[in-house]
2 protein chains.
Amino acid sequence: MATLKDVARLAGVSVKTVSNVVNGYSFVKPDNRRRVEEALEATGYRPNLGARNLRRGRTGFIALVLPELSIPYFAELASLVIAAAQEHEWNVLIEQTFGTLAGERAALTSLGPHLVDAAILSPEALQVDDFQLSVPAVLLGEHAVDVPISRVGIDNVAAAQAAVRHLISLGHERIAAIGAHPHRGTAALRLEGYRRALAEASLPFDDDLVVPALNYHRADGAAAMRSLLDLPTRPDAVFCFNDLLAIGAMRAAAERLVRVPADLAVVGFDNNEESVYSSPSLTSIAPDKSAIAHAAVDLLHRRVESGELLDDVETPFSLQVRESTVAR
Amino acid sequence: MATLKDVARLAGVSVKTVSNVVNGYSFVKPDNRRRVEEALEATGYRPNLGARNLRRGRTGFIALVLPELSIPYFAELASLVIAAAQEHEWNVLIEQTFGTLAGERAALTSLGPHLVDAAILSPEALQVDDFQLSVPAVLLGEHAVDVPISRVGIDNVAAAQAAVRHLISLGHERIAAIGAHPHRGTAALRLEGYRRALAEASLPFDDDLVVPALNYHRADGAAAMRSLLDLPTRPDAVFCFNDLLAIGAMRAAAERLVRVPADLAVVGFDNNEESVYSSPSLTSIAPDKSAIAHAAVDLLHRRVESGELLDDVETPFSLQVRESTVAR
DNA sequence: TCGGGTCTTTACATCGTTGGAACAACGATG
DNA sequence: CATCGTTGTTCCAACGATGTAAAGACCCGA
């Protein structure tokens with residue numbers, strides 16, 4: 001592999017001059033520049049990033065810490081983050097925590113400042129005192145603990161409210177919620193949105209209709225739905241805190257021969273691609289994932305480049321109405 | 001951030017002695033070792049990986065080059081590869097190609113040897129002469145071009161044959177195939193498995209029943225299915241070359257009020273988690289993704305450690321029978 | 001006490017790159 | 001013609017770690 005030294009020898013100039021050409025320094029004689037460029041071409045020179053970063057004190061990597069790549073929402077997000085990071089010549093290192101406190105702590109401690117320049121965190125279990133970060137970071141979504149780290153994400157309360165309002169506008173009165181969670185910040189916010197929508201329509205809040213879910217996987221949604229269907233009086237609609245829960249819920253409903261949306265309307269959250277093709281397709285809150293990815297990466301870039309402290313960013317969302325609430 | 005120098009000063013020894021302790025060198029006096037360890041603890045020293053790798057000529061990263069993370073199969077695989085790589089203290093760098101030749105070429109050229117120690121490639125469009133790699137690599141799946149790079153994956157012909165045999169054993173005689181592709185190696189192999197299964201059952205091979213798909217997304221499956229349903233004589237079963245195509249196909253069938261499996265049996269390939277919860281759930285070929293991830297990473301690790309040249313690895317698969325072929 | 005081997009530690013060079021200082025060449029200015 | 005500022009180039013040190021070689025400490029038997 002060619003180094004600056006090799007290129008310099010070939011071009012008959014000093015190493016630094018080659019470095020200057022590579023880095024776009026203006027004051028290089030046209031003649032030398034040409035010779036260097038030819039030599040670069042001939043040797044196929046590629047900078048040694050390790051060495052460059054050692055010198056510059058940067059690594060060229062950012063970390064993306066998330067629960068699990070096999071969850072569609074995070075896979076889609078990761079895809080967008082990678083693309084956004086590329087625009088700033090950043091490579092993305094993905095760390096999976098599997099939603100556990102131990103996993104999140106491990107990820108955080110492994111993020112030494114020589115490994116990454118910055119980090120995007122999507123924590124689920126972290127406590128306040130865990131946030132002793134050695135690099136700039138942003139949080140995705142919301143988090144219950146109050147830490148001095150910028151957040152990027154949608155207004156969860158408003159989004160949940162919009163989802164439930166939609167159900168109410170269709171005439172549903174006994175609306176369940178799946179996905180309550182003791183520690184998850186977003187769960188509390190979405191529950192609050194659910195509450196508010198009920199309240200503004202003067203519908204009663206019924207504890208029996210709020211079902212917790214520990215993992216937000218499809219299986220949890222199915223289990224929660226079964227317990228709802230076992231109630232003396234079934235709900236006529238259900239708001240699930242993510243699409244996977246909703247998919248599981250629709251599956252459980254189908255197994256009990258409960259028709260969606262005729263007998264039960266379902267709304268999800270995340271707008272996974274999967275939900276567009278399910279039968280019935282799923283009405284869902286659609287956060288602008290691309291906006292989230294870009295905002296997070298841009299925020300970090302500005303932070304790293306100029307050191308400025310940063311505000312939170314609220315990204316837009318929309319409600320995608322599909323067959324699970326309105327029959328085609 | 002503490003460096004070896006800081007630790008050395010604190011412990012009152014030379015930098016190299018600290019380095020020796022950090023790297024587990026045996027011959028360090030117990031007394032010095034203790035003092036160094038205390039100093040390491042006190043400073044919270046973490047090695048600068050860039051510097052270490054510059055010196056060692058290793059980077060500690062491997063690349064995983066795949067079409068797109070938002071495709072469930074690749075997301076699941078990436079998740080497993082990251083976990084497997086961790087066992088060898090490797091970090092994983094994910095590069096997305098979006099299935100284009102340009103994207104794959106770009107990914108390959110960006111993989112200088114100072115960026116990654118090795119690469120796992122899942123190419124779709126690459127040509128023979130593109131494989132001028134500067135680091136050890138393995139290919140996932142099959143590829144039409146014949147290059148001297150180890151492959152890891154299942155026997156695609158046998159797997160496709162098993163899928164179609166299953167349909168035949170259920171009495172289907174007019175079996176379609178969705179996913180033919182001019183350049184994709186796996187597509188040719190799966191088509192060959194389909195052919196063989198038909199041949200061994202003395203069923204005719206009908207060109208009209210083989211539908212190409214360019215992108216293997218849900219939308220492509222839906223479009224292909226619609227064209228099949230427009231045929232004068234509809235198929236009574238369809239074998240899709242991946243689960244996304246199958247999900248799209250089932251969606252299109254539902255829109256035309258064609259019942260699955262009563263009017264049309266469907267088999268997919270990949271066994272995505274999504275397919276377990278779809279309605280109806282999807283019968284699918286299940287490659288052992290964990291085995292694939294481990295085999296690929298282990299292969300590369302041995303290659304990098306000992307330099308040995310490596311054979312291909314064939315990983316197991318199974319057929320998961322669900323509602324899309326056998327009503328519950 | 002000396003020679004010889006085994007431990008243990010250190011100084012130094014090095015990996016490939018870039019920042020900074022030094023220096024050289026140049027035309028322009030007074 | 002001396003001085004000056006602007007360009008253009010080179011040399012040297014440094015980023016933080018580790019391999020090498022050599023030196024120092026130690027213990028053994030002769």
Side-chain angles (χ1 to χ4, degrees), chain A residues 1-37 39-40 43-61 89 91 112-117 134-135 304-305, chain B residues 1-37 39-40 43-61 89 91 110-117 134-135:
Chain A
M1 199 62 190
T3 70
L4 281 187
K5 210 160 126 186
D6 303 324
V7 179
R9 185 165 33 222
L10 187 60
V13 297
S14 79
V15 171
K16 190 62 206 295
T17 296
V18 180
S19 171
N20 284 339
V21 171
V22 170
N23 291 289
Y25 182 65
S26 309
F27 303 124
V28 177
K29 267 198 190 153
D31 185 47
N32 277 344
R33 179 180 296 276
R34 190 185 45 73
R35 293 225 310 290
V36 169
E37 274 163 357
L40 285 171
T43 53
Y45 170 79
R46 317 231 56 208
N48 180 323
L49 299 185
R52 168 179 287 177
N53 295 330
L54 172 59
R55 187 63 246 248
R56 289 195 184 163
R58 293 274 192 81
T59 72
F61 291 94
E89 304 197 304
N91 281 106
H114 14 261
L115 193 54
V116 295
D117 297 332
S134 45
V135 294
V304 168
E305 285 298 313
Chain B
M1 199 62 190
T3 70
L4 279 188
K5 209 159 126 187
D6 302 324
V7 179
R9 186 164 34 223
L10 186 60
V13 296
S14 78
V15 171
K16 190 65 210 288
T17 298
V18 181
S19 170
N20 285 339
V21 171
V22 170
N23 290 289
Y25 183 65
S26 309
F27 302 124
V28 177
K29 271 201 186 147
D31 186 48
N32 276 345
R33 179 181 297 275
R34 191 184 45 72
R35 291 224 312 288
V36 169
E37 275 164 356
L40 285 171
T43 53
Y45 170 78
R46 316 229 57 207
N48 180 321
L49 299 183
R52 169 178 286 177
N53 295 329
L54 172 59
R55 189 65 247 248
R56 294 218 245 235
R58 293 273 192 82
T59 72
F61 292 95
E89 304 197 303
N91 282 105
S110 85
L111 298 181
H114 20 259
L115 194 55
V116 295
D117 297 331
S134 46
V135 293

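Below, chain A is the first sequence line, B the second, and so on; all start at residue 1.
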Subject >> A:T17 OG1 to A:Y25 OH distance, which is reported to the nearest 0.5 Å >> reply: 10.0 Å
Original post:
Can you give one letter per nucleotide of nucleotides 15-23 of chain D, 5' to 3': B if a protein heavy atom sits under 4.0 Å from the base, S if only from the sugar-phosphate, - if neither?
Top reply: BBBBBB---
Original post:
Is A:E305 atom CD crowded by more than 12 heavy atoms from other residues, nucleotides or ligands, each under 6.0 Å away?
Top reply: yes
Subject >> d(CG, A:D31; C1', D:dG8) in whole Å >> reply: 12 Å
**OP:** Working to the nearest 0.5 Å, report the span between CG of A:L54 and CG of B:N48.
**Re:** 6.0 Å
Original post:
Rounding to a whole Å, what distance do you find between A:Y25:OH and C:dG20:C1'?
Top reply: 11 Å
Original post:
Hey, does the side chain of B:R33 reach the backbone of B:S26 with a donor-acceptor pair shorter than 3.5 angstrom?
Top reply: yes
**OP:** I would like to know whether A:V13 and A:V36 meet side chain to side chain contact (heavy atoms under 4.5 Å, CB included); could you show each step before the answer?
**Re:** CA-CA 8 Å; A:V13 297; A:V36 169; 3.8 Å; yes
Original post:
Nearest 0.5 Å, what's the CG-OH distance between B:L10 and B:Y45?
Top reply: 14.0 Å
Report, one pair per line, the protein and nucleotides 25-27 of chain D atoms (nitrogen or oxygen only) whose separation is under 3.5 Å.
none

**OP:** Starting at atom CZ of B:F27, determine the distance to atom P of C:dT6, rounded to an integer number of angstrom.
**Re:** 10 Å
Original post:
How would DNA chain C look in dot-bracket form, 5' to 3', counting Watson-Crick and G-U wobble pairs with both distances under 3.5 Å and writing | for bases paired to another strand?
Top reply: ||||||||||||||||||||||||||||||
Original post:
Under the 3.5 angstrom rule, does the side chain of B:N91 hit a backbone N or O of B:F61 as a donor-acceptor pair?
Top reply: no
**OP:** Determine, step by step, whether A:R46 and B:L115 satisfy the side chain to side chain contact (heavy atoms under 4.5 Å, CB included) criterion, reporting the C-alpha distance in whole Å, the side-chain angles of both residues, the deciding distance to 0.1 Å, and the verdict.
**Re:** CA-CA 10 Å; A:R46 317 231 56 208; B:L115 194 55; over 6 Å; no
Subject >> Distance test, side-chain N/O of B:S26 to OP1/OP2 of C:dC7, below 4.0 Å >> reply: no
**OP:** For B:S19 and B:V15, indicate whether the former's side chain and the latter's backbone hold a donor-acceptor pair under 3.5 Å.
**Re:** no
Subject >> Over all atoms of both residues, closest heavy-atom pair of A:P47 and A:R52 >> reply: CB-NH2, 3.5 Å
